[in-house]
Chemist: 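Have a look at this one.
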Amino acid sequence: MQIGLFSVGLEEYWHQFEGLHNRLLQYHQYICQRLEEIHGSVLDLGLVDTADKAFEAGKKLRTADADIIFLYVPTYALSSTVLPVIRQHRAPVIILNLTPGEAIDYQNFNQLGDRVQMTGEWLAHCGACPVPEIANVFKRTGVRFHQVTGMLQEESCWNEIAAWVEAARVAHTMNNNRLGAMGHYYSGMLDIYSDLTLQYKYFGGHIELLEVDELSALRREVTPQQAEARIREFQAAFDMQPDCDPAEIQKAAVTSVALDMLTAKYKLGSLAYYYKGTGIPENKDTISSIIVGNSLLTAKGIPVAGEYEIKNAQAMKIMDSFGCGGSFTEYYAVDYKDDVVLMGHDGPGHIGIAEGKIKVKPLRVYHGKVGKGLSVEMSVKHGPVTLLSVVENDRNELFLLVAEGESVPGPILEIGNTNSRYRFSCGAREFMERWNSHGPAHHCAAGTGHIYHKLEKLAHILQMKIVKVC
């Protein structure tokens with residue numbers, strides 16, 4: 001991911017006001033250093049103060065294909081020295097309207113006596129002056145921009161800048177992600193059917209359509225040594241319950257190794273899957289032994305969504321890319337006594353955001369699905385959580401639906417599925433009505449922490465609408 005940075009000024013000032021140019025360069029260097037601490041790859045275009053330099057900087061920026069552009073405005077500058085830098089560039093621009101201090105020292109300023117010196121001092125503090133001019137030109141020419149306003153060394157401003165960088169990094173991840181779609185939709189589950197071209201429109205990336213048959217074929221290539229090594233990995237990563245059948249553990253290990261082969265072959269960064277598994281016993285064995293291996297994949301940054309829920313695989317990848325997990329989730333039940341919503345899902349869980357060690361349990365039946373075998377049981381870590389749904393509406397658009405809440409302790413359904421207790425500031429009833437009113441599919445991704453402020457920035461970068469219900 002590439003950051004672009006440039007500052008602007010007016011060349012006429014440099015010979016009029018001694019020391020102003022060097023002073024502004026020092027401010028620029030401070031910003032560059034702070035950005036490099038956040039993200040190592042910064043294309044520093046320096047201080048642009050003429051139209052010629054603007055055209056030159058614009059060429060460099062387009063060649064670098066920056067994902068996000070920071071424009072620092074330390075003093076007055078003509079908009080004609082700004083527009084050529086970013087015109088026709090796809091990346092959003094973040095205007096840094098950051099003054100060097102909280103206020104000018106009026107008393108000392110007014111005692112300088114020399115009005116030329118006074119004007120030079122003022123110009124070192126007047127970065128806010130050209131921002132309306134720049135914003136006007138950006139609006140009229142279709143340049144996407146956002147603002148960070150405050151002081152140069154104000155940490156709240158740098159937290160905001162860091163969130164923009166992180167959102168740009170996630171957008172870059174999605175744009176380069178390869179999502180595997182293995183099998184077919186769960187028959188009749190109409191809300192999860194997706195327009196794949198629409199996914200490309202908003203997220204970019206690549207969607208690879210995969211056959212379960214190929215995974216079954218890869219299972220035949222797994223050696224006993226590889227399977228034994230994977231069983232040891234299971235035992236280290238999970239709390240394997242004593243009633244797990246060794247034969248089922250062996251099958252799950254073989255499938256897990258085959259999954260690794262499949263993801264490596266297609267360079268997958270996420271996966272959505274479902275398969276009825278009827279008609280060919282080998283495929284039934286494959287699909288019924290897939291849950292534990294998919295949980296390992298999810299923990300390794302390759303989130304896996306069941307029921308061929310492609311929209312939710314995207315949501316899970318977003319949450320995981322922000323470093324807060326992304327567990328496959330749907331309504332399980334409502335506890336009106338404690339005012340919480342129980343949410344979870346059968347299938348894979350995310351080791352990285354589990355409250356304690358994930359339990360692996362045997363199930364005699366997969367409800368609504370073919371077969372039996374091992375499943376995982378977990379709750380999301382107690383504390384703040386964010387729910388994210390990628391929603392496809394009736395206008396051929398995608399948008400992000402978000403809720404912030406809390407994962408709270410208490411009894412869960414010990415049925416070998418992921419499930420957690422979530423409390424929301426607006427209450428369980430109001431949360432469900434608000435959430436449902438926007439028409440999401442019945443799945444969402446649950447992650448740790450409150451990250452709406454980051455998701456909002458991601459939505460701006462991806463040119464998507466975003467709705468927060470609580």
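Heads up: numbering here begins at 1 and tracks the sequence.
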Chemist: Applying the side-chain hydrogen bond (donor to acceptor under 3.5 Å, both in side chains) criterion to Y266, which one of R178, H206, E214 satisfies it?
Modeler: E214

Chemist: List the steps and the verdict of side chain to side chain contact (heavy atoms under 4.5 Å, CB included) for S321 and K317.
Modeler: CA-CA 6 Å; S321 298; K317 184 65 178 181; 4.0 Å; yes

Chemist: Short question: side chain of Q199, backbone of L196 - any donor-acceptor pair under 3.5 Å?
Modeler: no

Chemist: Check the pair Y274, Y308 against ring-ring contact (aromatic ring centres under 6.0 Å, His included), reporting the backbone distance first and the verdict last.
Modeler: CA-CA 5 Å; Y274 176 73; Y308 210 72; 8.4 Å; no

Chemist: Are the aromatic ring centres of F328 and H443 under 6.0 angstrom apart?
Modeler: yes

Chemist: My understanding is that only one of D67, I461, I68 makes a side-chain contact (heavy atoms from CB on, under 4.5 Å) with H172; could you say which?
Modeler: D67

Chemist: Indicate yes or no for a side-chain donor-acceptor contact from T255 to the backbone of A252 under 3.5 Å, with no hydrogens or angles considered.
Modeler: no

Chemist: Nearest 0.5 Å, please: how far is OH in Y275 from CD1 in I280?
Modeler: 5.5 Å

Chemist: Can you say whether the rings of H438 and F399 are parallel (under 30°), tilted (30 to 60°) or perpendicular (over 60°)?
Modeler: perpendicular

Chemist: Does a salt bridge link K454 with E166, judged by any charged N lying under 4.0 Å from a carboxylate O?
Modeler: yes

Chemist: Can you measure from CZ (R429) to SG (C426) and round to the nearest 0.5 angstrom?
Modeler: 12.5 Å

Chemist: Could you tell me if the side chain of L296 sits less than 4.5 Å from the side chain of F238, heavy atoms only?
Modeler: yes

Chemist: Aromatic rings F431 and Y331: how do their planes relate, parallel, tilted or perpendicular, breaks at 30° and 60°?
Modeler: perpendicular

Chemist: Under the 6.0 Å and 45° cation-pi test, does R144 pair with F138?
Modeler: no

Chemist: Does the side chain of N417 come under 3.5 Å of the side chain of Y332 through a donor N or O and an acceptor N or O?
Modeler: yes

Chemist: With a 3.5 Å cut-off and no angle check, do the side chains of N177 and S270 form a donor-acceptor pair?
Modeler: yes

Chemist: From L374 CG over to L363 CG, what is the distance, rounded to the nearest 0.5 angstrom?
Modeler: 8.5 Å

